[in-house]
Amino acid sequence: MRENTARSSVLPVAPSRGRLRPLGLDEVRITGGFWGRRRHTNTTVTLGHCLDWMERVGWTGNFRAAAEGRIHRDRRGREFADSEMYKLLEAMAWAGASDDVSHDAEAAALGDVIASAQEPDGYLNTAFGHPGQQPRYSDLAWGHELYCHGHVIQAGVAQTRAAGEGELTKIARRAADHVCATFGRGGIEGVCGHPGIETALVELARLTGEQRYLDQAALFVDRRGHGTLADGEFGRAYHQDDLPVRDATVLRGHAVRALYLAAGAVDVAVETGDEDLLAAVVRQWEATVARRTYLTGGMGAHHRDESFGDDFVLPPDRAYSETCAGVASVMLSWRLLLATGEPRFADLAERTLFNVVATSPAEDGRAFFYANTLHRRQRGAVPAVDAASPRAESSLRAPWYAVSCCPTNVARTLAQLPAYLATADDHGVQLHQYADVEIATSLRGGHGIALRVRTDYPAGGSVTVRIDRSPVDRPWTVSLRVPAWTAGATAHLLDPDGTRRPVIPGTAEVTRAFRPGDEIRLELPVRPRWITADPRVDAVRGTVAVQRGPLVYCAESVDLPDGHDVDAIRVDPSAPPEDGPDGTVVTAGHLTAYDGQRDGAWPYRPLGTAPATASADRTGIVLVPYHSWANRGPSTMRVWLPAGEPDRAGPPERSAHDR
């Protein structure tokens, strides 16, 4: 790995080495488009929404109660509720570094409240350790104490990088010192049931230069998988405590925990130069993407334990695909991209950002999906606007949940999103995600460069890069990711001299002594295409889906003719999907709606005969981007659509079972 010479201090992830150098929030600015709109809503609406709800349900009050000695009586929320305050503070810090709206006053007030609850030795938690509560670290498997410490450390790092040292910086340092003193060599030989402390400690080590924080993170990674946690109803794999990180071959157990742990392991591997550990995580990522990931990029097929399923067990109607798992997947992919420079990691990040992270928040930024099913069979119930929703399953987006980890996780991800778009190395700049952005940084030798990107992506495939500043007579390289979804189609790159050349999935490069005003244009074939799944994914065999550019599409009942439902659709894949004024249009027939009065019909028939309820009618069905579903009220929805030209033959003879 190459050493990174940091030029930005405003970095959510700041590795000291790696193939690529990340660009910070002071170097990349999103100016509009798809992500610009969502980030504006996040900054102006969602951050305040989250703060209002945490006040309403008493989570901010927990810190006041702890400081005043009444926490055993007055505490509200789950054992990990503290972490939501910290994630919100992290989001406010990054938003303040990259947007025009400041949340400094709110953040300062929250910091004072949190500081009042921190113990003299640095311990900070409102659910344990106070009179009338369980003792500190008495439930490492489920207590989330180290997990909460990790998030307050991340908030402190964010505040320091975005605005300079403040109260949160001191809180974070004290918490980290406490963790090292308590869990270092000779201390408690344990790990947290929910990873997260590992990435935080590494980032604090990067910020401060303190080796002991990195050593403690490495110790937590190496302790994992040796049965230090109690074996529970979901087994040791749930906590990734069944196998050492270096020995595992695939991500397993609770999806968010597994992905957070993998991200922490990458951080440790990069900072310590441990190529074997990095290679182990890459192998796990490869196997997970190949066998345990949904078309949307979502991860986690089990509702009961929020976990990965076995290989190829990816039922669309039972997809859990937690929003926080999508956030964690982006975190992992970004770290692997920085370490290796391989565009496949940016490909998965793109898929997950557009189809999981962007799906969770409602268009107004005031309601969220916790889980992201790919098939909704019944119209959801409208959640109460004045009460936290107790359910995590996807129905309609809810304003808040009893376990409300996803709103703040989405908020901090969108706040730091500009730092996920581009990188630099000794030779130039690399563009990994496409949005309207302005980039200004310096290359090796201190040569300043500036460029701007204008695009209608993902609605269209034209990406124009204009050079605004460049060193005189010094060649450098602009690299553009050609997404993996372009396979089977043709993408083109137009050089500043007008040369137009085809490019294939991977990376396209232009190297020259650029002059201000030079333009590069990438033309991506954004059009709807049928997608089919590996036949080993039993749950979707016989179905197809539509993807347009990076966006997965779905059928939603509000777009179907009256009386029809998404489960009655049968699409004709011999007719290509086409762009229409309201979305992508596919040719489909339908099955007659089920007659609840007709009992006893046998649902099985000889191969090659038509179902008794088949209709030969063909019509155009409008599909919409999956991230937009359920913004128009209760509906049914499905991504994977049964395939087959509508039958024109008459109904089969009735079997003995029907007589």
Side-chain angles (χ1 to χ4, degrees), residues 1-33 35-36 39 90 93-99 157-158 160-163 203 206-207 266-267 270 330-331 333-343 345-346 349-350 353 412-455 457 463 465-471 476-481 507 509-511 514 520 522:
M1 292 185 184
R2 300 178 182 179
E3 296 292 327
N4 282 336
T5 303
R7 293 179 176 84
S8 169
S9 60
V10 193
L11 285 165
V13 181
S16 64
R17 65 186 75 192
R19 173 63 183 81
L20 302 175
R21 173 176 66 86
L23 299 182
L25 298 175
D26 52 343
E27 296 175 295
V28 182
R29 179 171 176 266
I30 296 178
T31 58
W35 291 119
R39 292 189 71 253
E90 183 186 352
W94 298 133
S98 59
D99 297 326
V157 170
T160 308
R161 287 182 174 155
E203 217 56 62
R206 290 165 171 166
L207 175 70
V266 172
D267 283 340
V270 166
V330 173
M331 290 170 56
S333 292
W334 178 241
R335 286 162 168 79
L336 290 172
L337 173 65
L338 294 177
T340 69
E342 297 176 16
F345 300 115
E350 174 183 74
L353 283 167
R412 69 174 182 146
T413 302
L414 291 176
Q416 63 188 263
L417 185 63
Y420 287 151
L421 303 188
T423 59
D425 62 11
D426 290 344
H427 307 290
V429 170
Q430 302 81 40
L431 301 178
H432 304 290
Q433 308 297 339
Y434 296 120
D436 284 351
V437 297
E438 295 175 353
I439 298 173
T441 188
S442 58
L443 304 179
R444 183 175 56 182
H447 299 284
I449 63 102
L451 56 87
R452 69 182 70 182
V453 180
R454 295 294 179 264
T455 180
Y457 197 77
V463 180
V465 181
R466 177 185 172 87
I467 308 300
D468 287 339
R469 185 169 70 249
S470 178
W476 55 284
T477 300
V478 175
S479 300
L480 300 98
R481 180 178 59 91
T507 301
E509 298 182 345
V510 178
T511 302
F514 291 101
I520 303 165
L522 180 64

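Taking CG from Asp267 and CZ from Arg206, the interatomic distance works out to 4.0 Å, rounded to the nearest 0.5 Å. Rounding to the nearest 0.5 angstrom, the gap separating the CZ atom in Arg481 from the CG atom in Leu522 is 10.0 Å. Arg469 contributes atom CZ, which lies 12.0 Å from atom CD1 of Ile439 (distance to the nearest 0.5 angstrom). Ile520 contributes atom CD1, which lies 4.0 Å from atom CZ of Phe514 (distance to the nearest 0.5 angstrom). For the atom pair OH of Tyr420 and CD1 of Ile30, the computed distance is 12.0 Å after rounding to the nearest 0.5 Å.
For Thr160, the side-chain hydrogen bond (donor to acceptor under 3.5 Å, both in side chains) partners are Thr169, not counting sequence neighbours. Looking at residues two or more places apart in sequence or on another chain, you find a side-chain contact (heavy atoms from CB on, under 4.5 Å) between Arg454 and Thr31, Asp436, Glu438, Arg452. Looking at residues two or more places apart in sequence or on another chain, you find a side-chain hydrogen bond (donor to acceptor under 3.5 Å, both in side chains) between Thr423 and Gln430, His432. Looking at residues two or more places apart in sequence or on another chain, you find a salt bridge (Lys or Arg N to Asp or Glu O under 4.0 Å) between Arg466 and Asp468, Glu519. Remark: Ala14 engages Leu11, Arg161, Glu203 in a side-chain contact (heavy atoms from CB on, under 4.5 Å) (not counting sequence neighbours). Looking at residues two or more places apart in sequence or on another chain, you find no ring-ring contact (aromatic ring centres under 6.0 Å, His included) involving Trp94. Residues meeting the side-chain hydrogen bond (donor to acceptor under 3.5 Å, both in side chains) test with Tyr457, sequence neighbours left out: Glu350, Trp485. Ala95 pairs by the side-chain contact (heavy atoms from CB on, under 4.5 Å) definition with Thr43, Leu47, Asp99, Ala415, not counting sequence neighbours. Not counting sequence neighbours, the partners of Arg17 by the side-chain contact (heavy atoms from CB on, under 4.5 Å) test are Met1, Glu3, Val270. Among residues two or more places apart in sequence or in another chain, the salt bridge (Lys or Arg N to Asp or Glu O under 4.0 Å) test is passed with Glu342 by Arg344. For Ser470, the side-chain hydrogen bond (donor to acceptor under 3.5 Å, both in side chains) test picks out Trp476, with sequence neighbours left out.
Between Leu421 and Leu431, the closest side-chain pair of non-hydrogen atoms is not below 4.5 Å. Inter-residue side-chain proximity for Leu20 and Pro22 is flagged as unmet; no heavy-atom pair is nearer than 4.5 Å. By the 4.5 Å heavy-atom criterion applied to side chains, Arg29 and Ser98 are not counted as neighbours.
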Would you please test Thr477 and Glu509 for side-chain hydrogen bond (donor to acceptor under 3.5 Å, both in side chains) and show each step? CA-CA 7 Å; Thr477 300; Glu509 298 182 345; 5.3 Å; no
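Closest non-hydrogen pair, Ser442 versus Arg21, comes out as O-NH2, 3.2 Å.
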